[in-house]
There are 2 protein chains.
Amino acid sequence: MQKAAIEKNNEAIAAQLAPVGRETVQDRVYSELRRALIGGLFEPSQVLTIRGLADALVTSTMPVREALGRLITEKALEALPNRSVRVPPITLERLDDLLRARILIEGEAIALAAARMGPRQIATIETILGEWDEMRALKHKKDVDREVTLNQSFHFEIYRSCGSAVLIPMIESLWLQSGPCIRVAIYAFSEAGEVDTAQYHRRIVTALATQDAQSARESLVADISRPFTFLRSKLQAVAAKDQT
Amino acid sequence: MQKAAIEKNNEAIAAQLAPVGRETVQDRVYSELRRALIGGLFEPSQVLTIRGLADALVTSTMPVREALGRLITEKALEALPNRSVRVPPITLERLDDLLRARILIEGEAIALAAARMGPRQIATIETILGEWDEMRALKHKKDVDREVTLNQSFHFEIYRSCGSAVLIPMIESLWLQSGPCIRVAIYAFSEAGEVDTAQYHRRIVTALATQDAQSARESLVADISRPFTFLRSKLQAVAAKDQT
DNA sequence: TCAAAGCAAGTGTGATCACAAATCAATAAT
DNA sequence: ATTATTGATTTGTGATCACACTTGCTTTGA
């Protein structure tokens, strides 16, 4: 009887430590790679090796190969005929393709969210906006990582309110695919006298606060289009120079 | 020297057998499971075991677990907290969610395709339509599998013409997710005096042939909405009966 | 000097094993 | 008769090994 009590107690403790289903190593590796991809820590065309990543993440090859396989099916990575895997290179077509898909799907998501966001959710994204302002206030060091993270939080806090369990994973896949490109654009922004992202986000917030789905969609499109069009012109310039 | 010649010959033979990158077992298992899922061979809420599938497909557990992982990230399968995996159950919300996403994305894809399909592509889908008619002509046996396959070929031949490498994988993911539901609907159709699917497809073809994107989109929406609304009413009836 | 053959290191893939957690069955206790 | 406990089977996960293929470099031959 006492043994049972102890076990029961252990169960309770375990439940607190891991509320639902202990996190597996594979999942840890997977989200680690996801973060790296969305954050643009890998550059386009970079090839990844299973054993290399396994060493870097201090595990065996097993969880890594499974995580890579999952990322490949999401098109976040690309399987070459050599059976090696790399992060997809940037091309003009792919850039336009990605932007069009993001406008379509994220636009729909925010339109849905506009009708469903309560004061609670509005407050949350305003908080994120506030953190952004703080960061900009002490701009002595350009914390690109934090910038990316806050931007991601802002957008996904909105998308979470759209109430669609189907659209959200698709948006995540799109971010995974455009992550490496975006990072390049952000660096380019820094050099080319960047426009304040916060003002775009503010327009989105006011649109959402007034439940104006149409305006929210347009503001969002303007926001996510910026780095794409920027990168696009840059790529075209490079292409033109190559041709001479 | 002769050894080299023999090797060269072997290479030539191998090249004919596998033009580019030998197909791996994992890929075979993956596409096998995909076909089964889209075809609705698994029923909603059914749980799948790695060793069970490995036995059924006559391989080790290795390729199966990798394929399952990939299908889980596509939301074609669901990972339970028990760490077991099942095909997602049907709910009213999920049904509406899936249909909305399919209308959004497949609608966009066909609108894009309308401007890009040449006589060659039109001829291809008309051929598929012809095969459908043949099948219906000798309707002595209801070949649901063939019906599903032809329907899939028809739609994806169109989507392939949209020219978007981003949208197509998303559509595949959506078909993967709605596959199990659709099969249920098709069976229900068979019992409830089915409407001819071919007439919906014919409207789509004429719209595409005249490059009428708007009409093509509307016809497509009508086509893919049918099984969903049918299943929806059926589910509601069941829910109402459960409540009494 | 240069090209081709050969070798060696590295890589992905599949199979197998070890282990922990979960599931189920049967037994025991109330 | 019903519930709780124990034990056995099954299952997912991670590690390791074996093998085939690729890649890059060295060495050999012209």
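Residue numbering restarts at 1 for every chain, and letters A, B, ... go by the order of the sequence lines.
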Task: Selection: residues 50-65 of chain B, any non-hydrogen atom under 4.0 Å of DNA chain D - done: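 Contacting residues: B/I50, B/R51, B/R65.
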- [ ] Could you state the atom-to-atom distance from OH of B/Y30 to C1' of C/dT13 in whole Å?
- [x]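 The distance from OH of B/Y30 to C1' of C/dT13 comes to 18 Å, rounded to the nearest Å.
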Task: Value in whole Å for how far the P atom of D/dT11 lies from CG of B/L48 - done: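 Computing the B/L48:CG to D/dT11:P distance gives 12 Å.
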Task: Below 4.0 Å: OP1/OP2 of C/dG14 and any side-chain N or O of B/T24 - done: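 Result: yes.
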Open item on the list: Measuring to OP1 and OP2 of D/dT23, would you say a side-chain N or O of A/N82 lies under 4.0 angstrom away?
Closed with: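 The answer is yes; a side-chain N or O of A/N82 sits under 4.0 Å from OP1 or OP2.
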Have a look at [X] and say if it touches a base, only the backbone sugar-phosphate, or nothing, with a 4.0 Å heavy-atom cut-off.
X: A/L68; value: nothing
X: B/Q26; value: sugar-phosphate
X: A/L80; value: nothing

Open item on the list: If we count only N and O atoms by modelled type, under 3.5 Å, do the side chains of B/R35 and B/S31 hold a donor and an acceptor together?
Closed with: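 Checked: B/R35/B/S31 side chains show no N/O donor-acceptor pair below 3.5 Å.
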TODO: Answer yes if the side chains of A/T127 and A/E131 hold a donor-acceptor pair under 3.5 Å, and no otherwise.
DONE: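 No pair is found: no donor N or O on one side chain lies under 3.5 Å from an acceptor on the other.
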Return a table of donor-acceptor pairs under 3.5 angstrom between the side chains of residues 49-63 of chain B and protein atoms on other chains or two or more places apart.
unit_1	atom_1	unit_2	atom_2	d
B/T49	OG1	B/G52	N	3.1
B/S60	OG	B/M62	N	3.2

Task: Per A/R83 side chain, nearest of listed nucleotides D/dT11, C/dG14, C/dG12 - done: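 Out of D/dT11, C/dG14, C/dG12, the nucleotide with an atom closest to A/R83's side chain is C/dG12.
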- [ ] Salt-bridge test for B/E108 and A/R100: reply yes if a basic N is under 4.0 Å from a carboxylate O, no otherwise.
- [x]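 Salt bridge absent between B/E108 and A/R100.
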TODO: Without swapping roles, check the side chain of A/E157 against the backbone of A/F154 for a donor-acceptor pair under 3.5 Å.
DONE: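 Answer holds: no.
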Open item on the list: Suppose we screen for ring-ring contact (aromatic ring centres under 6.0 Å, His included). Which residues come up paired with B/W175, at least two apart in sequence or across chains?
Closed with: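 Listed in chain order: B/H155, B/F156.
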